[in-house]
Each structure stands twice: as C-alpha cells, then as structure tokens.
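The analysis underlying the following values was restricted to heavy atoms, covering all of them including side chains, and did not include hydrogens, waters or symmetry mates. Read the numbers this way: they start at 1 and go in the same order the structure lists the ligands and their atoms.
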Amino acid sequence: MNDRLEAEQRMKEAGRLPEGQSLTLRFPILHYGAVPDFDKDNWSFRVFGQVDEETSLTWDEFCALPQTEVMMDIHCVTAWSKTDTLWKGVTLQTLVSAGAVKIKKDVTAVVQHCEQGYTTNLPIQTAMGDNFLLATHYDGEPLNPEHGYPLRGVCGAIPGRNDLDDVYFWKGGKWLRGLEFLSYDKPGFWEKAGYHNRGNVWREERFVDQQQ
Ligand SMILES: Nc1nc2c(c(=O)[nH]1)N[C@H]1C(S)=C(S)[C@@H](COP(=O)(O)O)O[C@H]1N2
Ligand SMILES: [Mo]
C-alpha cells in the first residue's frame, strides 16, 4: 500500500474520515475568481451588523490581537480531507473577550465577507467554537496568497472534540475582510448556489437536496 492509502486507512480506523471523503497528503487550492493582492495600507477588517459598535481594524491592530494555535482536520465538500493541519490566528471567542466585538444578544448567525464578494454563513455557536479560526498562519508560516493571505476563516474538526460543529471547508472564507453579525440567517455564495446551508461533515450535509 502506498503512503496515502496507509494514512487513509489509519484515519478511517481512528474515526477521523467522514463518509464519502478520501485523504489527501497535498493541499489543494480551490476558489472562485482570481487571487487578490494584499494592500496593507488600504486593508481593513470590518465588524458590522448586530454589534454594539460597528468597527474596523487595521492590519496592525488585527495582528496585535492574542493569537491561538489550532490543529484541525479539514474536509472539503469535493471529497478530499487533510488531517493535522496547523493554523494560527484569532478565534471569534478572543475577539469577543478582547472587547473587539460586542455581539448583541439576539445574534444567531455570522457571515464572513471576503475580497471580491465571496461570503459564507455560520451559526453563531459554530463560529464561537474552538474549531473556527480567523487564521493568518498555516504550518508556522504566513498564509500563501492562494490559501487566503493575509487572513482567512478556517473551519475544521479537532480530533476528539465531539462537542463542536464540524463543517465543510467552503465555510472558511479566504481573503477575509469582515464579519457581519445577524439575528437571522443569510446564505452565502455557495449556500445560494446549491450547497447545503449547514454543511456538517459527519451528517454529509453537502448539497441543498440533502437539506431539511
Ligand atoms: N474568498 C473565497 N474563499 C473561499 C472560496 C472562494 O471561492 N473564495 N472557496 C471555498 C472553498 S469551496 C474551499 S473548498 C476552500 C478551499 O481552501 P484552500 O484553497 O485553501 O484549500 O476555500 C473556501 N473559501
Ligand atoms: Mo470547496
């Protein structure tokens, strides 16, 4: 057996490979449109919607926030999974506890807004989990442009943590520029184009025809 099949078998046995997924040892690149440039002086991170105060952080302000490292398994709806990916960035929990975001009580959903209009929605409880990160680094290095430099949402599964909502990787927006907090749900780019609104990997919530 080759390395990939061997690793895939191990991950299956460990219960870390959801139904319908196969393991990749590479890191595929998937997105709609072109890779945008980063212009530090004109970059801002917007916090808006149902918050006490709408704000905007500069790149330096964002980088000054306390950072967290998370090891996660990521699962793409196109059926590849990659295990033990190491990310560093800021959790939404940290944004809240650092006072950078004051979420109103009736908030139920958060929408990631990215360059070129890409959006994706998550329930607020999912986004507040340890498995959702606003990441600046992958594997100890700043993100590659293709993987979302300078900032992206990352959602995955933390092995052994059955209390979290593990969603497909499209729900991590690359080239992230802001978060919108809402008291109602607002489907994003792929969610409007036929992907499942929730996208839980263990329930195989891939497409809208599987939605209830
Ligand atoms: N801004 C933006 N973010 C995006 C996408 C996109 O098209 N635009 N595609 C999503 C999809 S469908 C996937 S599977 C992952 C892929 O991330 P990767 O290229 O780092 O593997 O990014 C997600 N985030
Ligand atoms: Mo995807």
Side-chain angles (χ1 to χ4, degrees), residues 4 17-39 42-46 59 62 69-90 92 109-123 126-127 131-157 165-180 186-211:
R4 191 198 69 79
L17 204 62
E19 204 59 46
Q21 296 295 108
S22 55
L23 190 73
T24 180
L25 304 178
R26 300 176 303 114
F27 194 166
I29 292 165
L30 276 150
H31 53 259
Y32 187 82
V35 174
D37 288 329
F38 172 49
D39 174 5
N42 290 308
W43 188 93
S44 61
F45 183 77
R46 268 183 82 202
W59 176 244
F62 193 90
E69 245 183 6
V70 192
M71 184 81 97
M72 285 195 279
D73 297 346
I74 54 179
H75 306 291
C76 176
V77 72
T78 62
W80 57 266
S81 295
K82 185 171 176 63
T83 52
D84 298 312
T85 63
L86 181 64
W87 302 90
K88 190 168 75 177
V90 181
L92 181 54
V110 58
V111 176
Q112 297 164 63
H113 286 261
C114 305
E115 299 283 357
Q116 301 166 347
Y118 187 86
T119 54
T120 184
N121 58 322
L122 283 172
T126 305
N131 58 342
F132 180 67
L133 192 67
L134 310 177
T136 55
H137 289 70
Y138 170 71
D139 213 12
E141 302 285 340
L143 298 174
N144 288 339
E146 294 77 15
H147 286 300
Y149 178 77
L151 181 70
R152 74 172 298 167
V154 177
C155 47
D165 179 26
D166 305 335
V167 294
Y168 289 109
F169 203 39
W170 89 74
K171 284 186 176 282
K174 304 197 277 191
W175 314 294
L176 185 64
R177 292 292 304 275
L179 293 179
E180 180 184 17
K186 187 157 102 179
F189 180 85
W190 285 118
E191 292 85 1
K192 278 191 293 204
Y195 283 20
H196 197 286
N197 191 48
R198 289 192 305 267
N200 183 282
V201 301
W202 303 106
R203 292 195 296 269
E204 271 206 273
E205 294 172 338
R206 296 173 189 272
F207 305 109
V208 73
D209 56 4
Q210 293 147 340
Q211 199 158 294

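When each atom of ligand 1 is checked for a heavy atom of Arg152 under 4.0 Å away, the hits are 15 (C), 17 (O), 18 (P), 20 (O), 22 (O).
In this structure, Lys171 pairs ionically with Glu191, as a charged nitrogen and a carboxylate oxygen lie closer than 4.0 Å.
Residues Tyr168 and Gln21 are in side-chain contact: their nearest non-hydrogen atoms beyond the backbone lie under 4.5 Å apart. Residues Ile74 and Lys82 are in side-chain contact: their nearest non-hydrogen atoms beyond the backbone lie under 4.5 Å apart.
For atom 16 (C) of ligand 1, the closest non-hydrogen atom of the protein is Leu30 O, 3.4 Å. The protein atom (non-hydrogen) at minimum distance from atom 14 (S) of ligand 1 is Cys76 SG, 3.4 Å. For atom 10 (C) of ligand 1, the closest heavy atom belonging to the protein is Tyr118 OH, 3.4 Å. Of all protein heavy atoms, the one closest to atom 23 (C) of ligand 1 is Gly172 O, 3.2 Å. Closest protein heavy atom to atom 19 (O) of ligand 1: Lys174 NZ, 2.5 Å. Protein heavy atom closest to atom 13 (C) of ligand 1, with residue, atom name and distance, is Trp170 CA, 3.8 Å. Closest to atom 21 (O) of ligand 1, if we only count protein heavy atoms, is Pro28 O, 2.7 Å.
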| task | Take Lys174 and His31 through the side chain to side chain contact (heavy atoms under 4.5 Å, CB included) test and state the conclusion after the steps. | result | CA-CA 8 Å; Lys174 304 197 277 191; His31 53 259; 3.1 Å; yes

| task | For side chain to side chain contact (heavy atoms under 4.5 Å, CB included), just list the numbers for Trp43 and Leu151, CA-CA rounded to whole Å, side-chain angles, deciding distance to a tenth of an Å, and then say yes or no. | result | CA-CA 11 Å; Trp43 188 93; Leu151 181 70; 3.8 Å; yes

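At least one heavy atom of Trp80 sits less than 4.0 Å from an atom of ligand 1. Look at Phe27 and you'll find a heavy atom under 4.0 Å from some atom of ligand 1.
Ring pair Phe169/Trp87 is tilted by interplanar angle, where 30° to 60° counts as tilted.
Contacts between Phe169 and ligand 1, counted as non-hydrogen atom pairs separated by less than 4.0 Å, involve both the backbone and the side chain. When non-hydrogen atoms are compared, ligand 1 lies under 4.0 Å from neither the backbone nor the side chain of Phe189. Of the heavy atoms in Tyr32, both backbone and side-chain atoms come closer than 4.0 Å to ligand 1. Only the side chain of Trp190 comes within 4.0 Å of ligand 1, judged by heavy-atom distances. In Glu115, neither the side chain nor the backbone holds a heavy atom less than 4.0 Å from any atom of ligand 1.
Remark: of the listed residues Asn131, Leu23, Asp84, Leu17, Asp84 is the sole one forming a side-chain contact (heavy atoms from CB on, under 4.5 Å) with Asp73.
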